[in-house]
Amino acid sequence: MADHTVVLIAGDGIGPEVSDAVQSVLEAARAPVAFVQRYAGLAALDRNLPGTLPEETLSSIRQHRVALKGPCTTPVGGGFRSVNVELRRTLDLYAAVRPVRSLDGVTTRYDGVDLVVVRENTEGLYSGVENHITDGVVVSMKVATRHACHRIAHWAFRYATRRRRQRITLLHKANIMKMTDGMLLTEARKVHQLDYPNIEYSELIIDAASMRLVQSPSQFDILLCENLYGDIVSDLCAGLVGGLGCTPGANIGDEDAVFEAVHGSAPDIAGKNLANPLAMLMSATMMLKHLAERKDDPECSRAAERIKVAYDRALGEGQKTRDLGGTLGTREFAQAVIDRIG
Ligand code: NAI
């Protein structure tokens, strides 16, 4: 029975095929959700909707509070502004959370990786404040507000407490960006000292942290980052556990939440049944856990658990897509998961 309505934005490129695969798994797992399809990005323009982020899409998310989103293409250099950045800012989805963990059956250089990147999602260099100063000189403004720094720090510590995680490491470059990164540092220290002294807290300069992440990633628990560092570190961390095909994500605000994989629209493999739907499927299980907590519905967590057990078993038995060294297509991997749902 569908108890929860969720907005589905299939997205561009590989988005529609991974969305189809995920929907079939959720149905097989008896997840109590019904999807209402809305459009954004190129898919919205193709349907002659007004703009890349139509009001109908935004108002549906505001109405239902939760969306599952596929990737949206952003033109490089010119063209329209990023739909993803716009969506996160318009709905004030200020916390991006990206869990990264080693998976059974997915062999990488590292074992025992189990960390979460928490990224400030609304400001920094993504504010899009760029100016042409004079011929040959342009600037991009990095914005940090005390309000946004404080709330993301608070969100990360609260998340750590709820998920029984022990340590937060703040990644920064406050030795150079003394005011902007410095503000996040100041706010995180305050939140730690005043509200969450039991969570271990430390700070690392982003360049040194990058080196440590590839040397010994299992030492990290939660990584708290401003917007740009979080974006880059998320992809780096995805590479530690098998790549973008298996890294989920969520963008969470006080009101609304949009769940989406870290990967993009992958135009190089779109429409070929090659994309790994696992990252979006894992994002969908995060969505089910969110619904379970927000709506106090244990049926959602049971469905999430059924799906997680099934994809862990599939991977453990060597059922993998090509990006993970297997041979399955998008649909075949989804079927392998469905076959293992209890
Ligand atoms: P990308 O993540 O789309 O692709 C990078 C590489 O990873 C490609 O070789 C691709 O084939 C592979 N890959 C990605 N997802 C995969 C999957 N599920 N299974 C197997 N292989 C996968 O990044 P790229 O090429 O930089 O961006 C393409 C477009 O996506 C751009 O327009 C970009 O702006 C957009 N994008 C959108 C995001 C979103 O909607 N949240 C996030 C990142 C990029």
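If you read the sequence from its start, that first residue is 1, and numbering goes on from there. Remember, predicted model here, so these are calculated numbers, not experimental data.
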For residues 40-58, which side-chain N or O atoms pair as donor and acceptor with protein atoms under 3.5 Å away, sequence neighbours left out?
{"from": "Arg47", "atom 1": "NH1", "to": "Ala43", "atom 2": "O", "distance (Å)": "3.2"}
{"from": "Thr57", "atom 1": "OG1", "to": "Tyr39", "atom 2": "O", "distance (Å)": "2.6"}

Is a donor on one side and an acceptor on the other found under 3.5 Å between the side chain of [X] and the backbone of [Y]?
| X | Y | result |
| --- | --- | --- |
| Arg306 | Ala29 | yes |
| Ser301 | Lys289 | no |
| Asp104 | Asp312 | no |
| His154 | Val191 | no |

Mind jotting down which residue pairs meet the salt bridge (charged side-chain N to carboxylate O under 4.0 Å, His left out) criterion with at least one end in residues 248-267? Sequence neighbours excluded, please.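 Qualifying pairs: Arg65-Glu255, Arg65-Asp256, Lys69-Glu260, Arg88-Glu260.
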According to the interplanar angle, ranging from 0 to 90°, do the rings of Phe157 and Tyr196 count as parallel (below 30°), tilted (30 to 60°) or perpendicular (above 60°)?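 If you compare the ring of Phe157 with that of Tyr196, the planes turn out parallel.
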Enumerate the ring-ring contact (aromatic ring centres under 6.0 Å, His included) contacts for residues 271-304, please, sequence neighbours excluded, ordered by first and then second residue.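 Passing the test, one end in residues 271-304: Phe259-His290.
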Cationic N near anionic O, under 4.0 Å, Glu299 to Arg302: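 Yes, charged N to carboxylate O under 4.0 Å.
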Only one of Leu204, Ile206, Ile205 forms a side-chain contact (heavy atoms from CB on, under 4.5 Å) with His172, so which one is it?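 Of all the options given, the one that passes is Ile205.
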Tell me whether the count of non-hydrogen atoms from other residues, nucleotides or ligands lying under 6.0 Å of CD in Gln215 goes above 12.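 Yes, the 6.0 Å shell around CD holds more than 12 heavy atoms from other groups.
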Side-chain heavy atoms under 4.5 angstrom apart, residues restricted to Ile, Leu, Val, Met, Phe, Trp, Tyr: same cluster for Val117 and Met286?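 Unlinked, Val117 and Met286 end up in two clusters.
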